[in-house]
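Below: one structure, written as C-alpha cells.
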2 protein chains.
Amino acid sequence: MNIKNFKYDEVGLNRFFGPLEANIMEYLWDKDEQSIKAVQQSLELDKPINFNTVMTVMNRLVEKGFLEKRSEGRLSLFRPVQSKEEFLEEQSKKLTENLLDEFGGAVISHMLDAMKDADQGLIEKLEQKIQSLKKDKL
Amino acid sequence: MNIKNFKYDEVGLNRFFGPLEANIMEYLWDKDEQSIKAVQQSLELDKPINFNTVMTVMNRLVEKGFLEKRSEGRLSLFRPVQSKEEFLEEQSKKLTENLLDEFGGAVISHMLDAMKDADQGLIEKLEQKIQSLKKDKL
DNA sequence: ACCTCCCACTACAAATTGTAGTGGAAATCA
DNA sequence: TGATTTCCACTACAATTTGTAGTGGGAGGT
C-alpha cells in the first residue's frame, strides 16, 4: 500500500499509478465493488482492452495493497481499500511532509510565490490557519 | 534535464536519481569538472566499482542533460550543468508547484500541521509574507 | 612493435507496467 | 450429456529504467 513515486509530468492519479492502473482505480472509486468483467467492459468503451490484461493489473493492485479481492462463488470482486479522498489525503500529506523534510523553508517561499498569482481564498485560509496555530501555541 | 519522479522512500539526491547516479552527481557537484577515472576511483573507496559502469552511467547523465561532457585530447571531462543549489532550488520549486496544482488547500493544511511542532519563527515569517501579499493584492 | 589507458559499443539483469496466450474448471445451453 | 461459453490462474513477453560489465579499437608511451 505504499506509493513509491510522485510523477512530475503527469496529472491526477497518473502521478501515482500507471495509466491503466489509474483508470482501474478511478473506475472502482466511482463504482465501488466490481468484477473484472465490469471494469474491462467499461474501459473497453474508450479503446479495446483485453480481459486478461485488466485482470492481471487488478491482481497486481491487490498485491500492492490498493485493492481488496473477494470471491463470490467463482466470481471475483474487487474494491479499493481506501476511498479516493483518503488516498489523496494521505498522499498529499506524505508528499508535503517529505517536501518539508527535504527542503524546509524553501518550500514555504515557493508556495507563497506560487500563491501570489493564484488564489486569494487560499491566502485567507492560510491566514486563518496561522491564527489558530498561534492561539494553540499560547 | 527533466527529473521524472520524486521518490517517497529515499532521501536527498536519491529521491531524484538512482543510487549510483546520485553518488556521481554528488561527487561532481563537490569537485566540479572531473574525468571518469577520477569519479570511479573516488567511488571505489567505498566499494569496488567497475570503470565501465561509471562511464556508462555518466554518459547517460549527459544524455539526460544533467552533465556536460567535454573532450580534452583523448580525455573526457564531465561537469554538472547546474549547481547543486540551482538543481535543488528548481526541483523544490517544481514539486511545490505540482503539489499546489494537484492538491491546493490540502497542502497548506498539511504544511501547517507539519510546522506546528516546528519553528515558531517560521510561522511569524509566513504571516508577514501573507500580510504583504494581501497588500499587493489590493 | 608492444603494452597500457581510455572510450565506444554492446549486452545483460532486475524491476515496473502493459499486454496477452494457454489451459482448467465451472456454468450454461442445446 | 456433450458442446460451448465464462471466468480465472499461470505464464510469458515487451519496453523502460538503472546498475553492471565484457570486447575491442585507437592513442600514446617504452
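Everything numeric in this text was worked out from a predicted model, so none of it was measured. The sequence lines fix the lettering, A, B, ..., with proteins before strands; numbering per chain opens at 1.
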For dC8(D), does either OP1 or OP2 sit under 4.0 Å from a side-chain N or O belonging to Asn52(A)?
-> no
Under the 3.5 angstrom rule, does the side chain of Gln40(A) hit a backbone N or O of Ile49(A) as a donor-acceptor pair?
-> yes
Without swapping roles, check the side chain of Asn50(B) against the backbone of Asn52(B) for a donor-acceptor pair under 3.5 Å.
-> yes
Look at the side-chain N and O atoms of Lys37(B) and state whether any lies under 4.0 Å from the OP1 or OP2 oxygen of dT4(C).
-> no
Map Pro48(B) and Phe51(A) onto DNA chain D by nearest heavy atom, then report which one ends up closer to the 5' terminus.
-> Phe51(A)
Whichever of Ile49(A) and Ile36(B) has its nearest DNA chain C nucleotide further upstream toward 5' | Ile36(B)
Separation of Lys7(A) atom NZ from dT16(D) atom P, in whole Å?
-> 15 Å
Closer than 4.0 Å, any side-chain N/O of Lys64(A) to the OP1 or OP2 of dT17(C)?
-> yes
Do the ring planes of Phe103(B) and Phe6(A) sit parallel (below 30°), tilted (30 to 60°) or perpendicular (above 60°)?
-> tilted
Test item: Glu102(B) side-chain N/O and Gly12(A) main-chain N/O as donor-acceptor pair under 3.5 Å | yes
Side chain of Lys69(A) (C-beta onward), nearest among dT11(D), dT17(C), dA9(D) = dA9(D)
Integer-rounded Å distance: dT19(C) C1' and Met58(A) CE | 16 Å
Phosphate oxygens OP1/OP2 of dC8(D): is one of them under 4.0 Å from a side-chain N or O of Ser76(A)?
-> yes
Is Lys4(B) near enough to dT18(D) that one of its side-chain N or O atoms lies under 4.0 angstrom from OP1 or OP2?
-> no
Rounding to a whole Å, what distance do you find between Met55(B):CE and dC5(C):P?
-> 15 Å
To the nearest angstrom, the CD-P distance between Gln41(A) and dT6(D) comes to 10 Å
To the nearest Å, give me how far apart CG (Leu75(B)) and C1' (dA8(C)) are.
-> 15 Å
Using a heavy-atom cut-off of under 4.0 Å over every strand shown, decide if Phe17(B) touches base, sugar-phosphate, or nothing.
-> nothing
Whole angstrom is fine here: how far is it from CG in Leu61(A) over to P in dG18(C)?
-> 9 Å
Ignoring hydrogens and angles, does a donor from either the side chain of Arg74(B) or the base of dC5(C) sit under 3.5 Å from an acceptor on the other?
-> yes
What is the distance, rounded to the nearest whole Å, between atom CZ of Arg60(A) and atom C1' of dA20(C)?
-> 11 Å
What is the distance from CD1 of Ile3(A) to C1' of dA15(C), rounded to the nearest Å?
-> 16 Å
Can you check whether Tyr8(A)'s main-chain N or O pairs, donor with acceptor, with Arg15(A)'s side chain at less than 3.5 Å?
-> yes
Residue Val57(B), side-chain heavy atoms: nucleotide from dC7(D), dA8(C), dT20(D) that is nearest = dT20(D)
For Lys47(B), report the nucleic acid contact type (base, sugar-phosphate, nothing); a contact means any heavy atom under 4.0 Å.
-> sugar-phosphate
Nearest listed nucleotide, side chain of Pro19(A), among dT19(C), dG18(C), dT20(D) | dG18(C)
Asn50(A) side-chain proximity, nearest of dA20(C), dG22(D), dG19(D) | dA20(C)
Distance-minimising heavy-atom pair for Ser83(A) and Trp29(A) | C-NE1, 3.2 Å
